[in-house]
Structures are given as structure tokens and as C-alpha cells.
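Right, one structure below, let's go through it.
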Protein chains: 2
Amino acid sequence: MLNQIAASEDLVFFRPHQFLTRENERPDALFDIVEGWACRHRLLSDGRRQITALYLPGDLCDPLWSLTSTCNEPVVALTNIRATRRTLNVADGYILDRQKGFSTRLAESVERQSNWLVSLGRKTAVERLAHLLLELFERMRRAGLAYGQQCALPLTQMDIADATGLTAVHVNRTLQSMRSKGVLELHSKWLRIPDLGALRDLAALGPNDAV
Amino acid sequence: MLNQIAASEDLVFFRPHQFLTRENERPDALFDIVEGWACRHRLLSDGRRQITALYLPGDLCDPLWSLTSTCNEPVVALTNIRATRRTLNVADGYILDRQKGFSTRLAESVERQSNWLVSLGRKTAVERLAHLLLELFERMRRAGLAYGQQCALPLTQMDIADATGLTAVHVNRTLQSMRSKGVLELHSKWLRIPDLGALRDLAALGPNDAV
DNA sequence: CGAGAATTTGAATCTCTTCAATCTGCGTGG
DNA sequence: CCACGCAGATTGAAGAGATTCAAATTCTCG
């Protein structure tokens, strides 16, 4: 508790819908998310939205920023967020690689993006939802934030829709059918997965695919 | 011509459908593609395929390999390929960053993946095709392989379908309708774009989006 | 308790898929 | 030189999955 005094100098807070980074901005720091969720997304001119990444507690936001000169996708808070700010040395690309676990996080982030690509390109609604919820549960579990078979999931159905490339209405109906089959419970921002194996089967993952 | 003798020691060739890297393999070298096209893809158990990256002449294949311990997506030649092999120092992640333009290529590759995510998640068939063909033309142009408004495009409609998340049949019909509207010509592996601006409008790109 | 946000429901519609069959271009072997 | 075979492209008809729009209901939070 005592050393939080020193750490608190780097603590930053965001409210839902607040930008962590805007489009065409050069981020000068990364955020280590302590609490809350955020997303990176893209808006089309007619309002269609695609979420391209989700950030959970424990995630670095965003590992990709070390690579690009400007950030062409805004990052927005989905909930209240508490994060620690880690300054980026823009002039020197190598520094980041030496930070503990940075390279691993970047790799994970890129691999996740590739998984989503497969999901959006070739999977059905049920498969996409199974995949996404499985991924999120697994990430929460690794972050030490899963309790048995359940974890927090502070996304609206609209958010889920924009992450999976579906409409909110269709997400609603598909989740209902999955609930009725007993493969998951999801209400009041709380996810429970009675049978991980069953959900994994629904997600159409290969035996080698990590979630 | 004379110094090609030395360089030729690193020259490698591939035939269509040949693997540059298999799944779960640790690549020990990158390929600088001199001639021909390749793709990275993922196969679902029931045969559905999603292409997650395309490699053109001039591309490094694959920048992402420096990040991951094993490659979980196979890379396959789509045409005859001539490439130069560049050994990877696996033990040391930093070396690669110092290679000329490496970091830039990695960033481009990641950004492209993000663009595709938006395309697959939120765009219509026409928009996806416009976007893809525009991207490929632009990349060919930058590689010095475009001639006026046209360039080679050695993909089958099946390949295009697997890159855009559509079926070959639907790609065929959509391309036909685009042809009939005069926004593009595409036959015998050759692409011509009469009006880049018109195609760009069809691609639903933001004013800031690079292709 | 009231108001706005999020979820749920229904009905109609549309885009894209599926399954087959046919056609075309092209290299190979007789 | 032509017939064969095969991969890719094209076409048609029917159907599935997801979208759209609008309204009603429930939730959440000040």
C-alpha cells in the first residue's frame, strides 16, 4: 500500500466514451490498464463501426503504438478506466523491446488480430460469439480476474456486435439461442461458461489454435 | 549482372501450392519476394479458408515472424516464386529492427491487417472488392510493377473470395457488376482501373485511410 | 421515481450462400 | 494437330443467415 504513493504519479483515469488516443495523433505514452476496458475501433462515414481490438485489465494499450508514427484508429474507454501511464521514447524504437514482456504482448496482439480476421471472414454468428467470449474469458482468467467459470464482461450487445461484425439485434438473438442451449450465461455484465469444452467446440477453433 | 552471382546463393524458388512455411514451424529465415505472389492463410476443420495476408514482389515474408516463436499460419505460394532468403537470428529480437526498413514493413503489415478487419467486419461485397483491388494495385504501383492504370493480378476468384470472406460465386457476380459499371477491368490475371477515384469511393475508405 | 440506455421482440427484406450444371481456356499426350 | 482433361469462370434457382426498421420492454442510475 505504501509504495502506491510513488506509483500514483503515473495514474490516469478515463470515463466511458473518453478517448485514450484520437485519430492521427502521435501517442507519447502507453497505458498499462489496471482496471476497466477499452477498445480500438474504426468508423465508416455512414456510421458503421468496427472494433479492432479490446483492452482488458493487465493489457498494454497499445503495443502497436511503438511501430507507427501516427495512430490511425482512435482508442476509447468502454468503462471507467484506471491505468498507469508509461512514457514512450519516440526517437528510439529499441527501448520498448527491452521492457519486460513487451515483445510478447505485441506478438499476442498481432496474433489476436489474425484470429479475429478468420472469425470475421469465415465464421457464423454462433462461432464468432463463442470465439470472442472464450477469448475474453481466457484473458480475464490469465489476468487473475476469473472466478471459477465466470468473469466480468462489461460490454453492451452493441459493443459485441461491433467487435464481431454483426448487428446488435442479431447478437441478441444468437446469444439467446446459446443461452437456451446452456452453453453460456450472460446477464448484467457477467459471463459464466458452464462447459468450456462445449463452447470451444462451438467456436470452430483448430486443435492448435490458442483462444 | 556480375554481383548476382554472389546474391544467387540466397535465391530460392517455389511452385504454386508449395509451402514457404508450415503450421507450427519455427521459420529460421525471412523471404524477400523478388517475383510471384504468396499468401498466409488459415483453414477451418470443414474446409473454410481465410487468407490473412498477401505477399507481392518486393514484400518481406513475413515481418511478423520476428515476433512469434512458432508460426501458426502456413504461408503458401500462389504462383511461381523467386525470393531471396534472409537468415533470421532467432536468439536476438533486436537485430531485425536494425535491418533497413524492417520496422516500417512490420508496421505496414499490421496496419493492413487492421484494414482487412474493418473490411471483413463491416463492408459489403462491392466495398471489400474495391478495397482489396485498390490495395493490391497501389502495392504493385509502389513496387514499380504497375503500368499506367494496370498491373498483374495473378489471383483466382477463389483466392479473392478467401481474402475477402466471400464465396467465389459471389465474387464472380460482384466483379461482373463492377465491370459492367466500368469501374474496373479484370481478366486473364490482369487488372485495369480506369478511374482510381471512383473505385476509391466504392471502397468506403475514410479520407485519412491509406489504401 | 423518472429518463435515457440497453435489451428484447416481430415482421419483412436483402445480401450472400449453396448446390449444380455449363462453359471456357489451356496445357498435355496421342 | 486435334482430342482429352482439368481448373477456373460463369450462370441459374432456391434457400439460409443476417439485416433493417420499428415498437415494446427492461435495466440502470442519478
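Quantities reported herein were computed from a predicted structural model and do not represent experimental measurements.
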Closest to the [X] side chain, choosing from [options]:
X         : options                  : answer
Val169(A) : dC16(C), dC21(D), dT7(C) : dC21(D)
His170(A) : dA18(D), dT11(D), dT7(C) : dA18(D)
Thr156(A) : dA6(C), dT8(C), dT18(C)  : dA6(C)
Gln157(A) : dT18(C), dT8(C), dA9(D)  : dT8(C)
Arg173(B) : dT7(C), dT19(D), dT17(C) : dT17(C)

How many Å lie between [atom1] on [X] and [atom2] on [N], as a whole number?
X         : N       : atom1 : atom2 : result
Asp159(B) : dA7(D)  : CG    : P     : 14 Å
Leu175(B) : dC16(C) : CG    : P     : 13 Å
Leu166(A) : dT7(C)  : CG    : P     : 15 Å
Ile160(B) : dG8(D)  : CD1   : P     : 12 Å
Leu129(B) : dC16(C) : CG    : C1'   : 12 Å
Lys123(A) : dG17(D) : NZ    : P     : 17 Å
Trp190(B) : dG25(C) : CH2   : C1'   : 19 Å
Met158(A) : dG4(C)  : CE    : P     : 19 Å

On the nucleotide [N], are OP1 or OP2 found under 4.0 Å from the side-chain N or O atoms that [X] carries?
X         : N       : answer
Gln176(A) : dT9(C)  : yes
Asn172(B) : dT10(D) : yes
Lys189(B) : dC26(C) : no

Electrostatic pair [X]-[Y], nearest N-O below 4.0 angstrom:
X         : Y        : result
Asp162(A) : Arg48(A) : no
Arg82(B)  : Asp32(B) : no
Arg105(B) : Asp59(B) : no

Tell me what [X] touches on the nucleic acid: a base, only sugar-phosphate, or nothing, going by heavy atoms under 4.0 Å.
X         : result
Arg179(B) : sugar-phosphate
Ser188(A) : sugar-phosphate
Thr174(B) : nothing

### Task
Please round to the nearest 0.5 Å and tell me the distance separating atom CD of Glu73(A) and atom CG of Asp62(A).
9.0 Å
### Message
Does Asp195(A) form a side-chain contact (heavy atoms from CB on, under 4.5 Å) with Val183(A)? I'd like the steps, not just the answer.
### Response
CA-CA 7 Å; Asp195(A) 185 347; Val183(A) 294; over 6 Å; no
### Task
State whether the distance check finds a donor on one side and an acceptor on the other, under 3.5 Å, for side chain Arg122(A) versus base dT17(C).
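By the distance-only test, no, there is no pair.
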### Query
If you take atom types as modelled and just measure distance, does the side chain of Arg48(A) reach the base of dT19(D) with a donor-acceptor pair under 3.5 Å?
no
### Residue whose closest nucleotide on DNA chain D lies nearer the 5' end, His17(B) versus Ala168(A)
His17(B)
### Message
I want to check something: taking the side chain as every heavy atom from C-beta on, are Leu60(A) and Tyr55(A) in contact at a cut-off of under 4.5 Å?
### Response
no
